[in-house]
Undergrad: 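A single structure is presented below for examination.
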Amino acid sequence: MNPDRLSPAKTRAARADALAGRATYKWAAGCAAVSLAAFLLAAGILLTGALYWPGADLVRILASMFLGPLSLTLTAAALSYQSGRLSAPEALLTAAAAVPGWGLTAAAAISWSAGFTAADAGVPLNWFEAATLPILALALIAGTAALLPIVNTLWSPHRPLASRTTQSLLLAAPAALALVIAFMVGFLFAPFAAAGLLYVALRAESADPRPMEPTTRLPDSRSVRTAVVVIAGGTLLVGLLCIGFALSGSTWSNLAEDSTAAMNLGLAAGALNAVPLTVAVGLMLLPRFGSVIRWTALLVSGAFLCEAASQFAGAGHPWQWPLTLSGAVLLGFGIALPAGKLVPGSSLLRLGVTVGVGFAGTVVGVFIVAGAGFIAPLVSAGLLVWCFLPQVRQRPS
């Protein structure tokens with residue numbers, strides 16, 4: 001026997017190390033970018049009239065239930081391998097099991113959608129339309145296998161193998177089900193997970209040793225601090241009045257003919273009230289992010305003005321949704337501008353990440369601008385409380 005020849009186990013381990021070694025931080029960033037694009041595509045289809053185009057719902061399911069989650073899983077596996085949390089065989093197992101796991105999950109979603117359409121039309125279900133639960137069960141088995149290596153890292157390696165395996169199965173199986181449900185009902189928020197992993201991969205790939213800058217702080221200027229407090233207090237009072245009118249304005253006066261009109265007017269006034277609050281937050285963040293925060297404040301203020309116009313247009317007006325969507329885009333890119341400064345790398349790379357984060361912010365921006373009238377008073381109250389914390393008062397002025 002050749003003493004230089006490796007044993008089969010060592011040969012498999014060497015092959016696994018060689019294959020997993022290709023999963024670099026740059027590769028992880030690429031997977032995260034693909035995941036972000038897939039989730040944004042799915043969100044765009046849902047939030048626009050494209051959902052009613054032929055085949056659009058199939059594309060949405062494939063993007064949100066297969067390509068997006070699979071790329072996100074591959075990113076997480078690559079980052080875990082590079083950080084040493086997973087060995088090469090464990091990372092490869094996670095990646096390999098994720099492919100059929102998310103593929104079967106998408107198939108189950110397509111089966112359910114087709115079955116629902118057939119049942120609604122009174123047509124008997126074919127074998128695929130009736131196989132939603134078996135397909136989903138197979139998907140959960142594959143998903144459990146993909147999560148096992150990750151869950152195994154939670155236990156001490158000195159514990160008995162049977163005990164660790166049993167506990168891992170008991171945790172991985174419900175975790176797989178929870179992930180499937182999360183992506184089915186909450187994929188609109190998945191772009192933030194993809195954007196977060198993209199940032200982590202890019203920062204790790206750049207090997208930037210600089211620590212993160214300190215958290216948000218108020219300017220040292222007493223006049224600026226006073227302005228922030230005054231604006232926060234004023235917008236809190238006005239915001240509460242706007243909420244009150246939105247909920248019961250039809251009984252106050254002749255300003256609103258019914259409860260729907262009162263809600264529109266209250267939300268419109270609440271969105272306008274959010275504009276000076278945006279200025280106050282901008283003053284607070286200026287020392288942290290620099291001049292870019294001025295553009296953020298301008299874009300976010302424009303977002304709330306768009307939403308105010310949307311609510312003034314009223315329910316059912318053809319311009320209401322386009323104005324809300326425009327406000328969401330402005331808000332998303334307003335949030336993305338300071339985030340782009342934190343991304344290491346070339347200007348072109350930062351621009352690409354900023355655009356991706358901007359569209360990701362657009363998705364959640366829809367909910368923020370639409371509920372600005374109710375959200376703004378909460379922000380005002382939080383800002384007031386934070387302003388009067390002891391550590392803030394003790395800062396030199």
Side-chain angles (χ1 to χ4, degrees), residues 43 47-48 188-189 192 216 227-247 249 255-256 260-286 289 291-340 354 357-384 386-387:
L47 296 176
T48 64
L188 286 176
F189 300 98
F192 284 97
T216 305
V228 171
V229 171
V230 170
I231 294 174
T235 53
L236 175 60
L237 295 176
V238 174
L240 292 176
L241 288 175
C242 292
I243 292 176
F245 187 86
L247 297 177
L255 290 176
T260 300
M263 179 64 72
N264 288 143
L265 289 175
L267 290 178
L272 291 175
N273 180 56
V275 174
L277 179 60
T278 300
V279 174
V281 175
L283 290 173
M284 184 183 71
L285 296 177
L286 189 61
F289 291 98
S291 60
V292 71
I293 208 67
R294 295 190 177 95
W295 289 101
T296 292
L298 182 63
L299 290 174
V300 175
S301 296
F304 292 134
L305 290 175
C306 284
E307 178 59 20
S310 168
Q311 295 298 336
F312 277 128
H317 194 281
W319 278 99
Q320 186 178 42
W321 177 244
L323 284 169
T324 295
L325 196 56
S326 299
V329 172
L330 291 174
L331 181 67
F333 279 87
I335 295 172
L337 285 180
T354 300
V357 174
F359 281 116
T362 296
V363 177
V364 73
V366 171
F367 302 97
I368 295 177
V369 296
F374 292 96
I375 297 173
L378 297 176
V379 177
S380 299
L383 189 58
L384 271 178
W386 194 84
C387 284

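What you see below is based on every heavy atom in this structure, not just the backbone, and it leaves out hydrogens, waters and symmetry mates.
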Undergrad: In this structure, are over 12 heavy atoms from other groups packed under 6.0 Å from Phe359 atom CZ?
TA: no
Undergrad: If we only count heavy atoms from C-beta on, is the Gln320 to Asn264 side-chain gap below 4.5 Å?
TA: yes
Undergrad: Test side chain to side chain contact (heavy atoms under 4.5 Å, CB included) on Phe312 and Leu265 and set out the steps.
TA: CA-CA 6 Å; Phe312 277 128; Leu265 289 175; 3.9 Å; yes
Undergrad: Assess the residue pair Leu330 and Cys306 against the criterion (side chain to side chain contact (heavy atoms under 4.5 Å, CB included)); give the C-alpha distance rounded to whole Å, side-chain angles, the decisive distance to 0.1 Å, and a yes or no.
TA: CA-CA 9 Å; Leu330 291 174; Cys306 284; 4.0 Å; yes
Undergrad: Please report the interatomic distance CZ(Phe333) to OG1(Thr362), rounded to the nearest 0.5 Å.
TA: 5.5 Å
Undergrad: Could you verify whether a donor N or O on one side chain and an acceptor N or O on the other, from Ser380 and Thr235, lie under 3.5 Å apart?
TA: yes
Undergrad: Kindly indicate whether the side chain of Trp386, heavy atoms from C-beta on, has any atom under 4.5 Å from the side chain of Val228.
TA: no
Undergrad: Indicate the atoms forming the closest heavy-atom contact of Ala308 with Ala271, along with that distance.
TA: N-CB, 3.8 Å
Undergrad: If I take atom CH2 from residue Trp321 and atom CG from residue Leu323, how far apart are they, to the nearest 0.5 angstrom?
TA: 11.5 Å
Undergrad: In Å and rounded to the nearest 0.5 Å, what is the CD1 to CE distance from Ile231 to Met284?
TA: 12.0 Å
Undergrad: Which value, rounded to the nearest 0.5 Å, describes the distance between Phe289 atom CZ and Leu337 atom CG?
TA: 11.0 Å
Undergrad: If you look at every heavy atom in Ala376 and Asn273, which pair is closest and at what distance?
TA: CB-ND2, 4.4 Å
Undergrad: Mind running side chain to side chain contact (heavy atoms under 4.5 Å, CB included) on Leu305 and Leu272 for me, showing each step along the way?
TA: CA-CA 6 Å; Leu305 290 175; Leu272 291 175; 3.7 Å; yes
Undergrad: Could you tell me the separation between the CG atom of Leu285 and the CZ atom of Arg294, rounded to the nearest 0.5 Å?
TA: 12.5 Å
Undergrad: Which atoms form the tightest heavy-atom contact between Ala280 and Leu383, and what is the distance?
TA: CB-CD2, 4.2 Å
Undergrad: Given Thr278, which of Thr296, Val300, Leu299 fulfils the side-chain contact (heavy atoms from CB on, under 4.5 Å) condition?
TA: Val300
Undergrad: At their closest point, which heavy atom of Cys242 faces which heavy atom of Gly270, and how far apart are they?
TA: SG-N, 3.6 Å
Undergrad: Quick check: closest heavy atoms across Leu384 and Ala232, and the distance to 0.1 Å?
TA: CG-CB, 3.8 Å
Undergrad: Would you please test Leu237 and Leu241 for side chain to side chain contact (heavy atoms under 4.5 Å, CB included) and show each step?
TA: CA-CA 6 Å; Leu237 295 176; Leu241 288 175; 5.8 Å; no
Undergrad: Quick check: closest heavy atoms across Leu188 and Ala43, and the distance to 0.1 Å?
TA: CD2-CB, 3.7 Å
Undergrad: Kindly say whether Ala297 contributes a backbone atom to a donor-acceptor pair with the side chain of Ser301 at under 3.5 angstrom?
TA: yes
Undergrad: Quick one: pull up OG1 in Thr324 and CG in Leu267 and give me the separation to the nearest 0.5 Å.
TA: 10.0 Å
